[in-house]
Protein chains: 2
Amino acid sequence: MENIKRTIDIAAGRVKPQLVLKGGNIINVFNGEIETGDIAIDSGKIVAIGNYEGEAEINVAGKYVAPGLIDGHLHIESAMVTPGQFARAIVPHGTTTIVADPHEIANVCGSDGIQYIIEASKGLPLNVFVMLPSCVPATPFESTGAVLEAQDLEALMEEEGVLGLGELMNYPGVIDGDEKVMAKLAMARGKIIDGHGPEIKGKELNAYLAAGIRTEHECSTVEEMDERLGRGMYILIREGSAAKNLKTLIRGVNDGNSRRCLFCTDDKHPEDLLVDGHIDHNVRLAIKEGLNPITAIQMATINASECYGLKELGAIAPGYDADIIIVNNLESFQVERVFKRGIPVAENNRPLFQVESVDSSRVINTVNMKTIRQADLQIKLESDIANVIKVMPYSLLTQRVVRRVDTKEGIFQHHPSLDIIKMAVIERHHQTGNIGLGLVEDFQLRGGAIASTVAHDSHNMIVIGDNDQDMMLAIQEVTSQGGGITIVSKGKVLETLTLPIGGLISRQNMEEVNQQLKKMLAIAYETLHVNRTIDPFMTLSFLALPVIPEVKLTDKGLFDVGRFQFISIDVANEETKIENR
Amino acid sequence: MENIKRTIDIAAGRVKPQLVLKGGNIINVFNGEIETGDIAIDSGKIVAIGNYEGEAEINVAGKYVAPGLIDGHLHIESAMVTPGQFARAIVPHGTTTIVADPHEIANVCGSDGIQYIIEASKGLPLNVFVMLPSCVPATPFESTGAVLEAQDLEALMEEEGVLGLGELMNYPGVIDGDEKVMAKLAMARGKIIDGHGPEIKGKELNAYLAAGIRTEHECSTVEEMDERLGRGMYILIREGSAAKNLKTLIRGVNDGNSRRCLFCTDDKHPEDLLVDGHIDHNVRLAIKEGLNPITAIQMATINASECYGLKELGAIAPGYDADIIIVNNLESFQVERVFKRGIPVAENNRPLFQVESVDSSRVINTVNMKTIRQADLQIKLESDIANVIKVMPYSLLTQRVVRRVDTKEGIFQHHPSLDIIKMAVIERHHQTGNIGLGLVEDFQLRGGAIASTVAHDSHNMIVIGDNDQDMMLAIQEVTSQGGGITIVSKGKVLETLTLPIGGLISRQNMEEVNQQLKKMLAIAYETLHVNRTIDPFMTLSFLALPVIPEVKLTDKGLFDVGRFQFISIDVANEETKIENR
């Protein structure tokens, strides 16, 4: 109450605020206008706009002043750093609020993983709102560290900062009325439920909406976007590392619908975050594509705030949080300074804050595998005709191809002249001993192995190599590190990125992670001769995801996404022999 | 959960919904477009839009189909009927949701009055959301039936349907940091707080906003509106009985700001509601003034829903309540049918529902006066020069005029040739015996008296007449009716409108109330010769409101609004004699 009185006294001009930003060109997201004036800030809030003097003053004349930017949907884990380090990397780009879905760490650690993200986000100069992962496991075709049912999520729904239910990727489950999905929807009734339903339309889209789903970030065409907007969905225009939809979708934004459009990055890797930026990159791209800069800023601020019900965020007006960015101009849109609740937190692309380490004891030591012997990696074949996963250049899609391979006593043998190597996905959460084995073409890896605990969405141990010894060493290295990514060659560990938190997240900062990844990427290409049209770590991490066509490998075996069933490596075992394509 | 599954089955086309509205031109408030299609409705919800068959079907081809209309701010008491009868009158005009501030009945009955409105609104085919009256009493210059402090309101804040704190008319109290006002603001933190701050601007407006106030319905100029929109306020464009701002303000609505504009009626009397309609009238006027009809409909639906956080109201889309109106066209905008949660509730301007009476035991018998003797109405004067309230044609404003009057033994005497008559405001809540006495010019009443328990905002007994006998009879009549409005002449009660609920609300329906008021109005003009440039009942009801200039009468005496202090009737008693204007 004292604070309200002080606030009023400041606004009325009777008391000086702690800080005044003097004379900036203020972006007004309510009426789309630009107003030159002072912003009075006190106790973390914007108190007044007009002509004010402060105890401290910062001259921002000639600069543009906008609300802090908001990312409507992302997975922190994709950046492989802790929430604190993530904040240090993105806050300098002007992002002051994110809506995070801790789907990856939840697949490994369940509720503990979600709690870790919530706890590790507290006290940061970044608002981290959380959507509870709705699809853990993502599919029934793989083994996760945890299973989150409606009742598990319900317990988390009232945690501070939790807004609702995260992207409902299991859209067939929604449309078909799957019981466990229904229970989750019923549990989340009245909360925000994020969508992830590419391709659905017409009656199926109605069904998805009738179920209570209100956002979509998976649109790849203006037609998809238009239909969803018309049915009342908010559209998150995504520009991430793998999925880049902005240039296409921005053409569908107009005066009539822009209020229902916002931005997100979804999955963005360290290199892209460091080089391109974060939501500021979306804004820049949108402006470059011809969108009115103020519309672009509205999408990055007030629209996101409205979509997620984020009171007092996303505008420069009395009563709003003093999350403010100073921008050079509205063409190149370079964020020069960032204020979070009135405190300078970044300047010239550098964070002005450090982060404290938080208790991670419940999300480390997550590599919990049954002991693997080299013999476990043997692929037994009745014939020498095998189903092989063919990786595709610059794509997460794969093809199933049928190849004649070498065998010896019914066991697959790598032939140095054939680019067909072995891959394994080994359950690493509950010592089940599950191992899925497969063969991969066109990875072009020679003389070594790569292993990783980043393997969507269950994040089992995934390993690929042209010899069992190196594969075993890679597994051992990652296991001994408690998670991470490693490259080994000829009996030697070349480099490892340690990811102790859930096997997904480093304790290093984003630049360190990025440097290490770049170093390892160079080794992969140069020493192991990996196909340069793929990113071996990213490609590997998606080879276990049984929702992207055409054929993937989980700890339960080889999965044909198109036919939606497991298949044998051994073509002889298939009922119908399928033509080599 | 079963219901979600059924909903999905319907949307997916596997199960027929209870009702389909076939082939209408559907107003899409999300993208501003019009789409021809079917609306599938089940269990009160819109389930799907497209091509559907239903268990029942209604052909609406050629008609326009819009979401039910929303009134963002009104006082039900102004219509002098119960919430149930109010619903019967406005639902046929297409209003399916109102945000009501029970300020009047709260001044009489306190929390019981608010509870009555909440209870009496349950089960109606009209959503009645409640803003808690923030200013009871409205001023310290009058005696109310109740005083509502922060702690009283806090107890009501969690009641179902309560959205926040009602219009903060005491804007000087906000801007000056009055302690009790601060306590109310602190209590309502995080809820919606409605504004009522005409005239304030600049730093004072900042202060008002910094206090947490987010809406304004008192704008009378586009300049006022623009400044408030720019500071983040939602603007409610009002078209009521006394205050008509639409034609002026609608010129300030544009593509950039329309999303922050909505409609309200504030105070609308039976005659105007019955003849002009309700929010449909605002929409019609806006269209007539040249606004895009879809923008007008957005203002009457989704914008209001966003402003007040009314989830699942205000749009025709899967998951939204099936509150739907069928309109003839977008020019004359005549509402032909109304569906509330999928049930037909009005057709051709007639309600299709009855209302049940609710327990009103705690809001009746509110006329609780100390016994009044005729001598109590004597006005003692030291001189024959008196301050007189002059009523103004077609206005709620008054002027203070100084007149020579007749006296006898120091007591005011009515002179048949002088149009100066007596008025009294008698405290009627707690038997305090307070009587304020005054003189009124230009009311032109002759040969009788009018008394009423509708006297803003404290709703004490107000009586005016040219002879004490008729004034006494009028007081007795209203008292014996437990509240109401009466006209007496020459010792006889001519007509009475009984208002048993709080002395403000009838048990009759709106047409009956209106008929009675019209009859009484005719008698006032014809039999009592009242000035035809005023509505005697409305004028009388505002003569006790000490916030409208220039001079008013409360139970505590004659109040000079401009000087913000009580004055004596007797000019001789004033320290400084003021020139007759």
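Residue numbering restarts at 1 for every chain, and letters A, B, ... go by the order of the sequence lines.
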*For chain A, find which of B:Ile294, B:Leu185, B:Asn254, B:Thr295 contributes the most heavy-atom pairs closer than 4.5 angstrom.*
B:Leu185
*Taking every heavy-atom pair that is under 4.5 Å apart, which of B:Ile175, B:Ile213, B:Asp9, B:Asn257 has the most such pairs with chain A?*
B:Ile175
*Taking atom CD of B:Glu160 as the centre, report whether more than 12 heavy atoms of other residues, nucleotides or ligands fall under 6.0 Å from it.*
no
*Tell me, please, which residues at least two apart from A:Lys191 pass salt bridge (Lys or Arg N to Asp or Glu O under 4.0 Å).*
A:Glu158
*Give the intermediate values and the outcome of side-chain contact (heavy atoms from CB on, under 4.5 Å) for residues B:Ile8 and A:Tyr208.*
CA-CA 7 Å; B:Ile8 290 170; A:Tyr208 201 54; over 6 Å; no
*Name the region of B:Asp178, side chain, backbone, both or neither, that has any atom closer than 4.5 Å to a heavy atom of chain A.*
neither
*Specify the closest pair of heavy atoms between B:Ala317 and A:Arg231, including all atoms of both residues, with the distance to one decimal.*
CB-O, 3.3 Å
*Any chance you could lay out the side-chain contact (heavy atoms from CB on, under 4.5 Å) test for A:Glu306 and B:Arg259, step after step, and finish with the verdict?*
CA-CA 12 Å; A:Glu306 288 187 0; B:Arg259 69 195 274 187; 3.1 Å; yes
*Relative to chain B, which of A:Gln298, A:Arg189, A:Glu204 shows the most heavy atom pairs under 4.5 Å?*
A:Arg189
*Looking only at non-hydrogen atoms, find the nearest pair between A:Asn206 and B:Pro318 and report the distance.*
OD1-CG, 3.3 Å
*What part of B:Arg260 gets closer than 4.5 Å to chain A, counting heavy atoms only: side chain, backbone, both or neither?*
side chain
*Hey, is NZ on B:Lys311 packed in by over 12 heavy atoms from elsewhere, all under 6.0 Å?*
no
*Please state whether the side chain, the backbone, both or neither of A:Asp176 comes within less than 4.5 Å of a heavy atom of chain B.*
both
*May I ask you to check whether over 12 heavy atoms, not counting those of A:Lys22, lie within 6.0 Å of atom NZ?*
yes
*asked:* I'd like to verify something: which residue of A:Gly50, A:Gly177, A:Gly256, A:Gly230 has the highest number of heavy-atom pairs under 4.5 Å with chain B?
replied: A:Gly230
_Using heavy-atom distances under 4.5 Å, tell me whether B:Leu229 contacts chain A through its side chain, its backbone, both, or neither._
backbone
*Enumerate by number any residue of residues 23-34 of chain B whose heavy atoms lie under 4.5 Å from heavy atoms of chain A; in the absence of such residues, state 'none'.*
B:Asn28, B:Phe30, B:Asn31
_Over 12 non-hydrogen atoms of neighbours within 6.0 angstrom of CD in B:Glu53_ = no
*Test item: A:Lys203 side-chain N/O and B:Asn51 main-chain N/O as donor-acceptor pair under 3.5 Å*: yes
*asked:* For B:Glu199, I'd like to know if atom CD has over 12 heavy atoms of other residues, nucleotides or ligands within 6.0 Å.
replied: no
_Measuring from atom CD1 of B:Ile49 to atom CG of A:Leu205, what distance do you get when rounded to the nearest 0.5 angstrom?_
10.0 Å
